[in-house]
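Here is the structure we will look at.
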Amino acid sequence: MSTKSLLISFVTLTLGADYIPECNYAAIPPFYYPIDACESDINATASIISSFKYICNENDTVEQYIYDTFNCEGTPTSMITNMTYLDIQHYSCNQPSSCDYAIQCSFLECNSNSSDTECNLCSAESYQDLLTQNHDTHCRPYIKDQCLGADFGYVWECEGGVLSQYYKESCDDTDSILQDSFGGDSSTCKDDNDDDLYTYYTVECDPSLIAPDCNYAAIEFSTNTHYYPIGACETDKLEPDGDITSYKYMCNDNSIEKYTYSSVDCNGDAEVDTAPSDVAHYQCRRNACSYAVSCEFLDCGDSDECSTCTDPHYQQTGRIFNKHTTICRPWITNECYGTDGLLEMSTCDASIGELSVGVYGEGCAFEIFADTYGGPDNTCKDDDSDGDYGYYKIDCNPTLNKPECNYVATTTAGYIYPIGACESDITVIDDSNSEISSFKYICNADTNTP
């Protein structure tokens, strides 16, 4: 019997009410189920899908709803309303709050051979949508951040896409022992039963949250939460003549770190915070995010013309940065994320240097409203309605190495043309006829666009 099986057997024997969740739950050996959280199963070979959840009814007793769909979608196919048939040891339906929980999904037989411990197929980003079609799947909710059990305690913690179980001799102990963990390193699978059949795991630390499908760090400010792409730099100069600070969030295996610099664009030596307190949640097991950088230069005037800040010469000589409060912030692009029903998605049009930040409804299927920054009109914005206008400069492709001169990068063939330089073509039609053409790109002095 494996260590995992021994632990489950121990939990089953001791699932008493000594350490119970401080939320609404149903204790059914060997697990504590959060009320209204769904458990799903897929038998890929037989194409059988089932799911269920426990709910509290109006009498504050527990019922089970059973579905023939994944994730308890649609109408239940059956309901068990008599608690005597549910094998519930104890439960709570009168707590003021729901349980915080994580969802762990396992996908069976993901290794191509006994030595394929990395499960290359299942962990491939391009294969994610095929997991439930090709592999037996089991998704279970786990109450997190609460010490549970009897005679001994255990805690499930979830961070950065990693679900970990810690053992305690009692819930009063401050010390704990890591028992097992799932998720995290997307290239590694687990042989839970020592049978050379490896299982691939995914973890959602907050199922109510729709996270970007890339590596990020969510930072809570006083009025909003901003999602930073991992490795992307923010530069701040909070007073016109103030100090310059830049920072970025980095993944160290499955933990998050913050690198802070006293320079522009995160150059030079960094002060490293290995446990940044401003991170609400993060993801370190996906690919890099696409992103744009928006630089806002404050106090540029009292109208949307902002003639000083929009002047190309003023920008090119660097005076706009030296003389104005500046915030250059990275924005994740082309990802839908947030809380379902109030989602965010940003897009960037490199041809006109415009960033659009939109708020969307369910699944980002429809736009509720959007705000734009930069763009061809080259005007300023009064974001706070205080009469002070700020100018925005947008870089839709900050990861590209760009020439340090005026240029145009075309989308048709990927050419980079120097501004003012001519390209000429002569096409010979026959011995006596030919077509001659030439063109060049110039900068429009009024709009600072080609």
Side-chain angles (χ1 to χ4, degrees), residues 100 159-160 205-206 208-212 214-240 242-251 255-262 264-266 270-284 289-300 324-348 355-360 364 368-374 380-386 388-395 398:
D100 291 331
E159 193 170 43
C205 289
D206 186 352
S208 66
L209 179 75
I210 297 175
C214 58
N215 294 331
Y216 73 90
I219 311 303
E220 290 186 344
F221 294 97
S222 57
T223 58
N224 69 313
T225 298
H226 187 74
Y227 288 70
Y228 284 84
I230 293 297
C233 185
E234 170 160 333
T235 298
D236 296 332
K237 186 165 70 73
L238 300 183
E239 296 293 338
D243 295 332
I244 297 172
T245 301
S246 60
Y247 58 89
K248 61 184 177 181
Y249 297 90
M250 300 292 291
C251 288
S255 61
I256 197 77
E257 296 178 344
K258 184 178 182 179
Y259 286 61
T260 304
Y261 305 77
S262 56
V264 176
D265 290 335
C266 300
E271 179 181 332
V272 181
D273 184 352
T274 57
S277 59
D278 57 351
V279 177
H281 49 89
Y282 65 92
Q283 174 64 268
C284 279
C289 300
S290 63
Y291 68 95
V293 172
S294 165
C295 284
E296 180 185 14
F297 305 95
L298 303 181
D299 302 325
C300 274
H324 295 270
T325 296
T326 303
I327 300 174
C328 292
R329 176 162 292 169
W331 293 78
I332 294 174
T333 54
N334 307 317
E335 293 283 347
C336 179
Y337 55 88
T339 303
D340 204 7
L342 196 63
L343 297 163
E344 179 179 314
M345 184 166 65
S346 300
T347 57
C348 201
L355 176 69
S356 175
V357 180
V359 174
Y360 290 79
C364 285
I368 298 175
F369 69 87
D371 209 349
T372 56
Y373 304 89
C380 296
K381 296 173 69 70
D382 180 9
D383 289 322
D384 301 320
S385 301
D386 57 2
D388 288 329
Y389 283 75
Y391 171 73
Y392 285 88
K393 194 171 182 65
I394 308 299
D395 187 351

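Side chains included, hydrogens not; waters and symmetry mates left out as well; all remaining heavy atoms used.
- Here the OH-SG distance, from Tyr373 to Cys348, works out to 12.5 Å after rounding to the nearest 0.5 Å.
- Atoms OG1 and CD, on Thr260 and Glu271 in that order, are 6.0 Å from each other to the nearest 0.5 Å.
- Heavy atoms only, all atoms of each residue included: Lys258 and Pro276 are closest at CB-CB, 4.0 Å.
- Aromatic rings from Tyr227 and His281 are positioned such that their centres are separated by under 6.0 Å.
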Mind running side chain to side chain contact (heavy atoms under 4.5 Å, CB included) on Cys214 and Glu335 for me, showing each step along the way? CA-CA 9 Å; Cys214 58; Glu335 293 283 347; 4.2 Å; yes
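- A cation-pi geometry, defined here as NZ or CZ lying under 6.0 Å from the six-membered ring centre and within 45° of its normal, holds between Arg329 and Phe221.
- Taking CD1 of Ile244 as the start and CD of Glu239 as the end, the distance is 13.0 Å to the nearest 0.5 Å.
- Taken from NZ in Lys248 to CG in Asp265, the straight-line distance is 10.0 Å, to the nearest 0.5 Å.
- Surrounding CG of Asp243 are at most 12 heavy atoms belonging to other residues, nucleotides or ligands under 6.0 Å away.
- Looking at Gln283 and Pro212, their side chains never come closer than 4.5 Å, going by heavy atoms from C-beta outward.
- Cation-pi contact between Lys393 and Phe297: absent, since separation from the ring centre below 6.0 Å together with deviation from the ring axis within 45° is not met.
- Nearest heavy atom pair, residue Glu234 against residue Ile327, reads OE2-CG2, 3.8 Å.
- Residues Pro398 and Tyr291 form a side-chain contact, since some pair of their non-hydrogen atoms from C-beta on lies under 4.5 Å apart.
- By the 30° and 60° cut-offs, the orientation of the rings of Tyr249 relative to Tyr247 is perpendicular.
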Tell me, with the steps shown, if Ile256 and Ile230 meet side chain to side chain contact (heavy atoms under 4.5 Å, CB included). CA-CA 9 Å; Ile256 197 77; Ile230 293 297; 3.3 Å; yes
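- Within the model, atoms CE of Met345 and CD1 of Ile332 stand 13.0 Å from one another, a figure rounded to the nearest 0.5 Å.
- Here the SG atom belonging to Cys289 is positioned 9.5 Å from the OH atom belonging to Tyr216, to the nearest 0.5 angstrom.
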Stepwise, does the disulfide (SG to SG under 2.5 Å) test hold for Cys328 with Cys233? CA-CA 8 Å; Cys328 292; Cys233 185; over 6 Å; no
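- Shortest non-hydrogen contact noted between Trp331 and Ser294 is NE1-CB, 3.8 Å.
- Shortest non-hydrogen contact noted between Pro330 and His226 is O-NE2, 2.8 Å.
- Between Thr326 and Leu298, the closest side-chain pair of non-hydrogen atoms is not below 4.5 Å.
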